[in-house]
Each structure stands twice: as C-alpha cells, then as structure tokens.
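One structure below.
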Amino acid sequence: MLAPELVEELGKPRVHVKALPPLERSENGVVMRFAPNPSGPLHLGHARAAVLNDAYVQRYGGKYILRIEDTDPKRVDPEAYRMVVEDIEWLGLAIHEVVYQSDRFDLYYKYAKDLIERGGAYICTCENEQFRELKQQKTACPCRPLSLEENLALWEKMLAGEFYEGEASVRVRTDLDHPDPAMRDFPAFRILHQPLHPRIEATVYPLMNFSVAVDDHLLGVTHVIRGKDHIANTRRQRYIYDYFGWEIPVYRHYGRMGIEGVVLSTSQMRQGIGSGEFLGWDDIRLGTLRALARRGITPMAVRQAVLDIGIGETDISFSWDNLYAANRDIVDPVANRYFFVPEPIAVLVNGAPHQTAHALLHPNEPARGTRELPFTGSVFLPREELGKDPPLLRLKDLFNCTVTSDHGTYLLSYAGDDLADARNAKAPIIQWLPVDCAVPCLLRKPEGDVAGVCEPGVVRELGSVVQFERAGFARIDDTAGDRILAYFTHR
RNA sequence: GCUGCUAUAGUGUAGUCCGGCCAAUCAUUUCGGCCUUUCACGCCGAAGACUGGGGUUCGAAUCCCCAUAGCAGCACCA
C-alpha cells in the first residue's frame with residue numbers, strides 16, 4: 001500500500017510551464033540589445049531576435065537597447081533607418097535607448113589605438129589573397145612582427161586617408177595555430193571610399209566584430225541572444241574582450257530559421273522588388289513584418305509564435321500554420337463578421353416576402369449588434385455553392401430556398417423560414433448579399449485575387465481585421481476606390 | 001577540405017545536465033463527433049515522434065563510441 005501523498009503525487013499530471021529557459025547571471029537584471037543592420041525593413045527573422053531579447057528584459061528587468069549597426073555603407077539603405085523604427089514600434093518592443101554605430105566612430109578609433117598599444121592588433125598592408133594563403137598555412141604575414149611605433153604610425157596614416165581602399169586594414173592578433181582558420185588574425189577595420197555613408201564622412205570603417213565588442217562592453221550589455229551564424233563572431237569578440245580585460249557577456253545562439261515558401265533575405269527581397277516580381281516591401285508574399293501587418297497578422301501573434309519557438313539551437317522550419325493559429329486566437333474574438341460573396345452570381349428568388357435580415361456582428365457577443373441586410377427579391381450567391389447543385393439552400397439569417405437550374409441559369413424559390421428544415425435536409429447555410437446594396441470587393445490572397453461583393457458596412461472597418469463568414473479572416477486595406485480592397489489573413 | 005553546433009510526431013516544443021515517475025509533454029495540424037443560422041470560436045475523441053548501429057547498465061530519449069543527415073563559420077558583411 002502506497003502512502004496517500006505518494007498516490008496523489010503519481011496521479012498528478014506533469015506540469016509543463018511554457019516558458020523560455022532561464023538565463024544565468026540574471027539576478028540583478030539584464031542589459032540586452034537588438035542590433036539590426038539598416039539594410040531594409042524587419043522580417044520574421046529579425047522578429048525572433050527582437051522579441052526574444054525583449055522577453056528576457058521584461059522577465060528579469062533591466063534595459064533594452066536598440067543599436068543600429070550601420071558600419072557598412074554598402075549595406076545601408078537610408079530608408080531603412082525609418083522602416084526599422086516603424087517595425088519595432090509595430091512589434092511593441094520596450095526599447096529604452098537607441099544607439100547608432102555611425103555616431104560612434106571616434107570611439108572605435110580610440111579603442112583601436114588602445115588595442116594596438118596593448119599589442120592586440122596590428123596594421124596589415126598585405127594583399128587580401130596573399131594574407132588568406134598565409135592564414136591557411138598558419139604563417140604570420142610580414143606586417144605582424146612590426147613594432148608598436150610602426151603600427152601606430154600606420155594607423156595614423158590610415159586615419160589621415162593616405163591609403164586607398166584595400167591597401168590597409170587593422171587585424172586583431174589572435175592565434176595563428178588556431179584549428180579554426182576563421183579565428184586567425186581576423187580584421188577589425190578596413191578602408192572604404194565607396195559608397196559614401198549616408199550619415200557620416202569616413203574612410204576607415206570598423207568591422208562588426210570590433211564595433212560590436214566595444215559597444216557591447218561600453219553599453220553594459222550583459223546578455224546576447226543571436227543566431228548561431230554568430231558563433232564564430234562570439235569567439236572572435238572574446239579575443240577583444242580579453243585584450244581589454246573586460247567581462248564577457250552571456251551568449252546564447254539559436255538555430256537557423258527558415259519559413260516555408262518565402263525568402264528571408266533582405267537582399268533577395270530587394271532584388272525581387274527591383275525586378276517587379278514583388279510590389280514593394282509590404283507585398284503580401286514577403287516575410288517582412290509590414291507584409292504581415294498588411295495581411296492582418298497582429299504583432300502579438302508574431303510575438304507569441306516566436307516565443308513558442310524559443311531559443312533552441314536546432315535549425316527549424318517555421319510553419320505558417322503556427323503563426324495563423326496564434327493570430328486566430330487574437331483576432332477571432334474581436335473581428336466583426338460580414339458576408340463576402342466570391343465570384344457572385346445574381347439570382348432571382350421566387351415567392352419570398354421582402355424583409356430585412358439581422359445578422360450578428362459577432363456570434364459570441366450579441367451585444368455588439370447586427371448588420372441589417374434588406375431582401376428585396378434577388379441576391380448574389382457564390383458561384384461555387386450553386387455549382388454544387390444543392391436541392392435546398394439556406395441563406396444565412398434569412399430563409400430556405402430550393403434551387404433549380406435551367407441551362408446554367410439558376411432560380412431560387414422560397415421554401416420557408418424554419419431553420420430546422422434546413423438542418424434536417426442537411427442544406428448548406430451560405431452567405432448572400434442583396435443585389436442592390438452589395439459593394440464590389442477584391443480579396444487579395446497570396447495565390448491570387450478573388451473578385452466578389454461584400455456588405456456596405458465593411459467600409460467602416462478600414463484598417464481592421466474582419467471575418468468574412470465561411471471564407472476566412474481578412475484585413476480591410478482600402479475603401480476609397482470604387483471597390484473595397486481586402487487582404488486575406490487566414491481561414 | 002578545416003572548425004564547430006544540432007538531431008523527439010507534418011510543424012513547433014517539453015523531457016536530455018542529475019538514467020528508472022517517459023507505455024514521451026503541450027500547441028499546431030489532420031480526421032471523427034458535439035455545439036452552432038459561418039467551413040470561425042468552444043467542447044469531446046482519435047491519429048502521429050525519441051535519425052541509424054553498437055556499447056555501458058537490472059534499466060537508456062537521457063551516458064559513451066561510430067555512422068548518417070542538417071546547419072553555421074572559414075569575407076577588408078552583419
């Protein structure tokens with residue numbers, strides 16, 4: 001006989017709290033950062049980093065820094081400065097401080113000189129190709145043994161603009177015998193004359209491993225969560241930390257994330273926009289946050305989906321289904337219901353009394369009120385439903401009809417009001433619209449446009465997500481033209 | 001090629017550190033059923049996984065070895 005408390009213990013289902021794993025060294029709060037490169041708007045891949053960091057800052061308390069990493073003028077889109085901020089606001093991140101790396105070049109120069117003086121870096125004037133070969137053979141390049149004075153002089157020469165592009169760089173002295181060739185004397189600064197940076201005038205540019213290490217330390221960053229493509233960078237940055245004697249933050253690297261059906265590469269998206277394949281950054285076939293927003297995906301759904309994925313190191317293929325499910329949870333209780341008739345066919349109804357249908361704006365919340373749909377003799381019905389040749393139909397919130405067809409022309413005949421009749425006959429209950437007050441509506445889906453008609457009341461829903469009954473959720477994008485434009489969200 | 005990381009149902013995820021409570025969690029998905037004047041929501045039920053092979057052990061998803069697969073890095077990108 002087992003002890004009663006043991007029996008109870010065994011009977012208990014294991015509790016699984018869905019939460020991100022704890023972070024070490026977080027007792028006194030954390031300082032974290034989201035550090036995008038302003039090369040375009042944010043996409044789902046960015047959202048993962050942004051939300052994960054945000055979630056930890058909120059969990060442990062502390063500071064969340066947005067750091068714009070614009071140290072490569074080749075990968076800066078002036079428009080992106082604005083877009084990134086917009087996207088972050090949309091996501092609802094609790095950012096406490098914004099830092100632009102292009103404002104901090106003097107700082108980087110100062111620490112570069114310091115690092116050189118500490119013997120942690122040297123100026124390399126080798127040909128790129130040549131250095132790479134030497135690196136593979138674990139041999140020092142001719143610049144490596146130069147004296148401190150010579151290095152400082154060369155550094156001044158670099159800053160004075162006396163080198164052309166590619167003629168000189170600053171390298172961090174690591175370990176030439178390191179088993180990973182990627183670690184051996186990696187570069188920290190380069191010279192660039194083209195293109196010009198949109199925010200500053202400079203020819204000596206820091207490379208990310210240097211600027212990131214200096215900034216993470218100076219800004220007091222305690223924890224870094226980023227993709228595993230940065231694992232090697234973390235190791236490289238450690239050299240810089242060690243030279244300066246700085247305390248190393250806690251790092252976490254999550255796995256690579258792909259999304260079925262879309263490319264999450266800013267450069268590829270840009271190319272597609274340029275070639276006309278996509279209409280813009282918010283083209284609904286793209287994985288940008290603005291595309292999702294346009295389709296009616298809510299920021300909270302993105303956040304939820306991303307937290308659900310977590311910080312695992314496994315490579316994952318993100319499924320739209322999971323995002324849609326998260327969004328449906330959020331959107332279903334708030335979205336008003338309307339009729340949308342795709343591919344409408346006007347049909348006359350025989351013998352039915354004129355009347356007004358009262359359809360609930362939300363079935364689970366009658367207090368919200370109704371839409372009034374006047375029936376005056378003929379209605380629009382979806383082509384697809386008529387094509388099924390149903391003997392009996394019920395027009396939702398109206399009445400039952402029998403259907404007859406004559407050489408492709410359909411005719412409906414009034415068959416009573418009783419819902420039970422329709423139920424008993426297993427008649428489909430379908431959406432409809434009065435012919436005289438239906439508004440043209442284009443429902444834009446990723447796989448193509450669907451022309452139809454919808455209720456006039458939809459005009460009031462500009463910018464919000466509605467549910468087109470039996471069709472799915474959609475965001476009303478534009479009501480100004482002669483037809484309403486809606487973007488399909490999901491079923 | 002070199003260096004490193006990872007491997008649980010269609011998808012995502014828990015469990016792996018400290019082997020037994022795992023006949024493996026939760027969500028999504030799919031399929032039934034109920035509810036319902038939507039093919040939404042809600043409720044009930046079902047389906048579906050420990051990459052493979054060795055080893056250690058009374059006992060392995062969990063520890064060890066090998067294999068395989070995927071990924072990342074080896075840029076004067078981030």
Side-chain angles (χ1 to χ4, degrees), chain A residues 6 9-10 12-19 21 35-39 69-72 74-75 101 124 126 128 131-132 135-136 165-171 178-184 186-192 204-209 211-212 226-233 235-236 253 255-258 260 266-267 304-305 308-310 312-326 328-329 331-333 335 337-339 357 359-360 362-365 394-400 417 419-420 422-423 427-431 467-473 490-491:
Chain A
L6 201 59
E9 190 63 35
L10 285 172
K12 254 187 227 164
R14 251 182 297 264
V15 188
H16 296 280
V17 188
K18 185 70 191 173
N37 164 252
S39 58
E69 304 210 326
D70 52 351
T71 52
D72 179 6
K74 292 179 181 172
R75 301 199 3 163
Q101 290 196 311
C124 176
C126 293
N128 210 355
F131 181 86
R132 194 158 58 203
K135 180 176 75 176
Q136 290 299 343
E165 233 171 88
E167 280 188 341
S169 61
V170 177
R171 291 189 178 281
H178 199 289
D180 186 352
M183 290 303 124
R184 301 173 196 155
F186 64 88
F189 283 84
R190 62 170 167 170
I191 291 171
L192 226 50
V204 178
Y205 286 87
L207 274 328
M208 73 91 79
N209 281 304
S211 51
V212 163
R226 35 146 71 146
K228 73 179 189 186
D229 44 324
H230 285 293
I231 286 177
N233 291 324
R235 281 197 275 268
R236 285 192 272 233
H253 301 97
R256 195 188 139 84
M257 179 174 83
E260 42 180 2
T266 304
S267 56
Q304 189 51 52
D308 205 54
I309 284 166
E313 293 175 65
T314 325
D315 304 323
I316 58 162
S317 161
F318 185 75
S319 169
W320 291 106
D321 277 345
N322 294 309
L323 215 209
Y324 292 161
R328 196 176 293 116
D329 277 348
V331 136
D332 185 83
R337 269 56 173 173
Y338 293 96
F339 287 156
L360 289 171
H362 194 105
N364 302 343
E365 210 177 320
R394 180 173 180 85
L395 307 188
K396 188 168 180 283
D397 301 304
L398 198 62
F399 47 59
N400 307 329
D417 292 332
L419 175 64
R423 289 259 190 251
I429 299 170
I430 66 167
Q431 78 276 34
Q467 191 203 58
F468 285 144
E469 296 197 44
R470 308 202 329 131
F473 294 92
H490 48 65
R491 288 206 63 86

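Hydrogens, waters and symmetry mates are skipped; everything else that's a heavy atom, side chains included, is used. What you see is a predicted model, and the numbers here were worked out from it, not measured in a lab.
Among B/rU37, B/rA78, B/rG4, the nucleotide with an atom closest to any side-chain atom of A/R235 is B/rG4. Relative to the side chain of A/R75, the nucleotides B/rU38, B/rA78, B/rC74 differ in distance, and B/rA78 lies closest. With B/rU28, B/rU8, B/rU3 as the choices, the nucleotide that has an atom nearest any side-chain atom of A/T314 turns out to be B/rU8. Side chain of A/I309, nearest nucleotide from B/rA40, B/rU11, B/rU13: B/rU13. Among the nucleotides B/rU37, B/rA40, B/rU28, the one closest to any side-chain atom of A/D332 is B/rA40. With B/rC2, B/rG12, B/rC76 as the candidates, the nucleotide lying closest to the side chain of A/P187 is B/rC76. Closest to the side chain of A/L419, out of B/rG12, B/rC74, B/rU37, is B/rU37. Taking only side-chain atoms of A/R423, from C-beta outward, the nucleotide of B/rU38, B/rU11, B/rC39 with the closest atom is B/rU38. Of the listed nucleotides (B/rU28, B/rG73, B/rA75), B/rA75 has the atom at the smallest distance from the side chain of A/K135.
Here A/P363 lies in heavy-atom contact (under 4.0 Å) with a base. Within the 4.0 angstrom heavy-atom criterion, only backbone atoms of the sugar-phosphate kind lie near A/F473; the bases stay farther away. Among the atoms of the strands shown, none is found under 4.0 Å from any heavy atom of A/S39. Across all strands shown, A/D397 has heavy atoms under 4.0 Å from base atoms, whether or not it also approaches the sugar-phosphate. A/E69 comes within contact range of the sugar-phosphate backbone alone, with a heavy-atom separation under 4.0 Å but no base atom that close. Residue A/G166 is in base contact, counting any heavy-atom pair closer than 4.0 Å across all strands shown.
Residue A/N322 places none of its side-chain N or O atoms closer than 4.0 Å to OP1 or OP2 of B/rU11.
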In B/S/- notation, 5' to 3', how is nucleotides 62-72 of chain B contacted by protein heavy atoms closer than 4.0 Å? --------BBS
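Protein atom CD of A/E469 is 16 Å distant from nucleotide atom P of B/rU36, rounded to whole Å. Rounded to an integer number of Å, the gap from CD of A/Q304 to P of B/rC26 is 17 Å. Rounded to whole Å, the distance from CE on A/M183 to P on B/rG73 is 12 Å. To the nearest angstrom, C1' of B/rC2 lies 15 Å from CZ of A/R132. What separates CG of A/D180 from C1' of B/rC5 is a distance of 12 Å, to the nearest Å. Computed from coordinates, the A/F318 CZ to B/rA27 P distance equals 18 Å when rounded to whole Å. Atom C1' of nucleotide B/rG10 and atom CG of A/D321 are separated by 9 Å, given to the nearest angstrom. If you take CZ of A/R470 and P of B/rU37, they are 15 Å apart, rounded to a whole angstrom.
Interatomic distance, CG of A/L419 versus CZ of A/R394, reported as 4.5 Å (0.5 Å rounding).
B/rC22 is unpaired under the criterion used here, namely a Watson-Crick or G-U wobble arrangement in which both key atom distances are under 3.5 Å. As the counterpart of B/rC17, no nucleotide is assigned, since no Watson-Crick or G-U wobble pattern has both distances under 3.5 Å.
No donor-acceptor contact under 3.5 angstrom links the side chains of A/E260 and A/S317, judged on distance only.
Ring orientation note: the planes of A/W320 and A/Y324 are close to parallel, at an angle under 30° on the 30°/60° scale.
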